[in-house]
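See structure below.
Residue numbers run from 1 in the order of the sequence given. Each ligand, and each atom within it, is numbered from 1 in the order the structure gives. None of the values given here were measured: they were computed from a predicted structure.
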Amino acid sequence: MNSIEANFDGLVGPSHNYAGLSYGNVASKSNANAVSNPKQAALQGLQKMKALSDMGMTQGVIAPQERPDVYSLRKLGFTGSDQDVLIKASKQAPAIFLACCSASSMWTANAATVSPSADTADSKVHFTPANLTNKFHRAIEPTVTGNILKALFSDDEHFSHHQHLPENDHFGDEGAANHTRFCHNYGDHGVELFVYGKHAFNDTLPAPKKFPARQTLEACEAVARLHKLQEGSAVFAQQNPDVIDQGVFHNDVIAVGNKNVLFYHEQAFLDTSKTKQDIGRAFGAEPFHFIEVPTNLVGLQDAVKSYLFNTQLINLPSGDMVIIAPMECQENKAVYSYLQQLLASNTPITNVHYFDVKQSMQNGGGPACLRLRVVLNDLQLAAVNSNALMNDTLFATLNTWVNKHYRDRLTASDLASKEFLDESRSALDELTQIMQLGSVYPFQQI
Ligand SMILES: N=C(N)NCCC[C@H](NC(=O)CCC(=O)O)C(=O)O
């Protein structure tokens, strides 16, 4: 049976804004308080999805979350009507209020970890929503993420959904942003690489000193157990703590893998040779390509600014392996010349396509952050909610929907109005009908 790797991108929500919420994420902090353009952000995301679909890729859409999140604010003691809650919170606790308004669920690489059925003991595709405990604005995502994933992958003959890990820093889990999979063909048994920032239960081992390690080894191991991965097919590697301290808050900011390729920066891992050995041993005899980018060609700051590694490494239906990169890689001299050199050298990577996802980039979210990879065989693909799969009709419908509901300018003060809340809820209500998701949002469940 044929298997493909689908990409499910997060549709940017109507509240997309720059609130400087992510300590350790340089772009988020440096663009705090900038005026955002949610309409442009959503349209940029849709353009990328459509372009990948036009390249022959299977492209899905993951709906955004309901924001402002009035329910979290109520849990924190704000009372009255929804409007009262928003006004009180925005005045009395502006930072908490903004955290409850983030459109951060757009970065679906952090939505969940997904293991294809070829890797799991029960031959089902396993999903564990990420608990995202390290940042409050993200820690309020996993329950609705789980609802949306179940609405897209509902058939329990094929799909197995787990509860997110316990909500504690010891089990901090950021999902697929710290997970990549290697295989020969997508339908073959693969090797899943889990990358962590620290050991939660042993604080004598290396860990970053300045910025937080958002993912723990213990969280990675728990996900591998839940997904029933076979012995030897999960590899665990520690991220270099020094690069976390320089703004590499997820492994997908410094490394990306696909099939028999790992594309990574020289400084990505704490112990590069052990990481390579472990992957090589698990992968077996077939040739594997470690494409290591040396610091003298691309410095760490250039890698972080351009998001060279937050690129999608995909196989087109023709078999060609290509990079989907943000425009920032074309604009950065060192990175662009490295990529030109890479294409001229003898690796499986044959082309680079550049996309404008600037609205997302300014919050530290590149092309790879915006997508969740899901390997599916023909039967599983047929069981996916087809209203979430990109095609000409869905593209046109979603463009019209965005143009109808989204603002092209949003500041913190706009977010506290009842008008904005009503606008967002009516947009999401219409979206659940377009995508036939059912009542996934709290405002639809009251
Ligand atoms: N690397 C991956 N896979 N994802 C990128 C996530 C970016 C996100 N930024 C934010 O949440 C910023 C929101 C703000 O500041 O308004 C984060 O730090 O979690």
Side-chain angles (χ1 to χ4, degrees), residues 7-10 12-13 15-38 41 45 62 64-65 67-69 94-114 130-142 145 172-180 195 197 211-215 239 243-244 247-257 268 303-313 324 326 328 357-373 410-412 414-415:
N7 288 287
F8 281 77
D9 279 40
V12 178
S15 72
H16 161 64
N17 72 95
Y18 300 115
L21 299 172
S22 282
Y23 179 64
N25 167 345
V26 182
S28 151
K29 278 290 172 199
S30 53
N31 290 304
N33 304 321
V35 175
S36 68
N37 184 336
I62 294 187
Q65 304 221 351
R67 297 288 181 271
D69 179 355
I96 298 172
F97 170 72
L98 284 176
C100 291
C101 291
S102 179
S104 52
S105 67
M106 70 169 89
W107 299 297
T108 52
N110 306 118
T113 305
V114 184
N131 60 19
L132 300 167
T133 52
N134 189 258
K135 300 277 177 270
F136 176 65
H137 71 290
R138 307 227 54 187
I140 56 180
E141 294 175 27
T145 298
D173 176 21
E174 302 275 322
N178 293 319
H179 174 256
T180 193
V195 182
F211 291 146
R214 298 201 202 179
Q215 179 99 29
Q239 214 184 327
V243 301
I244 297 182
V248 180
F249 57 98
H250 288 135
N251 180 59
D252 70 3
V253 174
I254 196 84
V256 57
V304 172
K305 268 202 203 112
S306 66
Y307 264 32
L308 169 61
F309 300 97
N310 200 264
T311 44
Q312 293 176 243
L313 196 52
I324 304 297
E328 283 74 358
V357 288
K358 251 192 176 55
Q359 285 286 324
S360 168
M361 284 287 284
Q362 290 176 169
N363 253 340
C369 300
L370 286 162
R371 63 90 172 92
L372 182 67
R373 303 155 119 183
L410 197 63
T411 59
D414 300 322
L415 292 160

Could you verify whether a donor N or O on one side chain and an acceptor N or O on the other, from S36 and Q362, lie under 3.5 Å apart? no
Would you mind running through ligand 1 and noting each atom that sits below 4.0 Å from a heavy atom of N110? 2 (C), 3 (N), 4 (N), 5 (C), 6 (C)
Is it the case that the side chain of D173 and the backbone of G175 share a donor-acceptor pair, with hydrogens and angles ignored and the cut-off at 3.5 Å? yes
Atoms of ligand 1 close to G364 [distance to a heavy atom under 4.0 angstrom, numbered from 1]: 5 (C), 7 (C)
SB check K358 E328 (cutoff 4.0 Å): yes
What do you reckon, are the aromatic ring centroids of Y23 and F211 less than 6.0 Å apart? yes
Taking only non-hydrogen atoms of R214, do any sit less than 4.0 angstrom from ligand 1? yes
Is it the side chain (CB and beyond), the backbone, both or neither of K29 that lies under 4.0 Å from ligand 1, heavy atoms counted? neither
If we only consider heavy atoms of N17, is any one of them less than 4.0 Å away from an atom in ligand 1? yes
Per side-chain hydrogen bond (donor to acceptor under 3.5 Å, both in side chains), Q215 is matched among N178, T133, N134 by N178
Could you tell me, atom by atom, which parts of ligand 1 come under 4.0 Å of a heavy atom of H250? 1 (N), 2 (C), 3 (N), 4 (N)
Would the distance check show the side chain of S105 and the main-chain N or O of E141 forming a donor-acceptor pair, the cut-off being under 3.5 Å? no
Report yes or no: does a heavy atom of H137 sit under 4.0 Å from some atom of ligand 1? yes
Among protein heavy atoms, which lies nearest atom 17 (C) of ligand 1, and at what distance? S22 OG, 3.4 Å
Tell me, which protein residue and heavy-atom name are nearest atom 2 (C) of ligand 1, and how many Å apart are they? C369 SG, 2.8 Å
Around atom NZ of K29, are there more than 12 heavy atoms from other residues, nucleotides or ligands closer than 6.0 Å? yes
At under 4.0 Å between heavy atoms, is it the side chain or the backbone of N31 that contacts ligand 1, or both, or neither? neither
Ligand 1 atoms in contact with A109 (distance to a heavy atom under 4.0 Å): 3 (N)
Hey, does the side chain of D414 reach the backbone of T411 with a donor-acceptor pair shorter than 3.5 angstrom? yes
Indicate yes or no: does an N/O atom of G20 lie under 3.5 Å from an N/O atom of ligand 1? yes
Distance to 0.1 Å, residue and atom name: give those for the protein heavy atom nearest to atom 16 (O) of ligand 1. A19 N, 2.9 Å
For atom 9 (N) of ligand 1, the option (of V253, I254, L370, N363) bearing the nearest heavy atom: N363
Backbone or side-chain N or O of N25 under 3.5 Å from ligand 1 N or O: yes
S104, any N or O under 3.5 Å of ligand 1 N or O: no
The answer for which part of L21 has a heavy atom under 4.0 Å from ligand 1 is both
Enumerate the atoms of ligand 1 whose separation from the nearest heavy atom of A177 is less than 4.0 angstrom. 3 (N)
Main-chain N/O of S104 paired to Q65 side chain as donor or acceptor, under 3.5 Å: no
Atoms of ligand 1 under 4.0 Å from any heavy atom of S28, numbered from 1 in the order shown, are 12 (C), 14 (C), 15 (O)
Any donor-acceptor pair under 3.5 Å from S15 side chain to C101 backbone: yes
Any heavy atom of K135 sitting closer than 4.0 Å to ligand 1? no
What about D252: any of its N or O atoms under 3.5 Å from an N or O on ligand 1? yes
Would you confirm whether N310, through its side chain, and C369, through its main-chain N or O, come within 3.5 Å as a donor-acceptor pair? yes
With a 3.5 Å cut-off and no angle check, do the side chains of N37 and Q359 form a donor-acceptor pair? no
So, for M106 and V12, which heavy atoms are closest and what is the spacing to 0.1 Å? CE-CG1, 3.7 Å
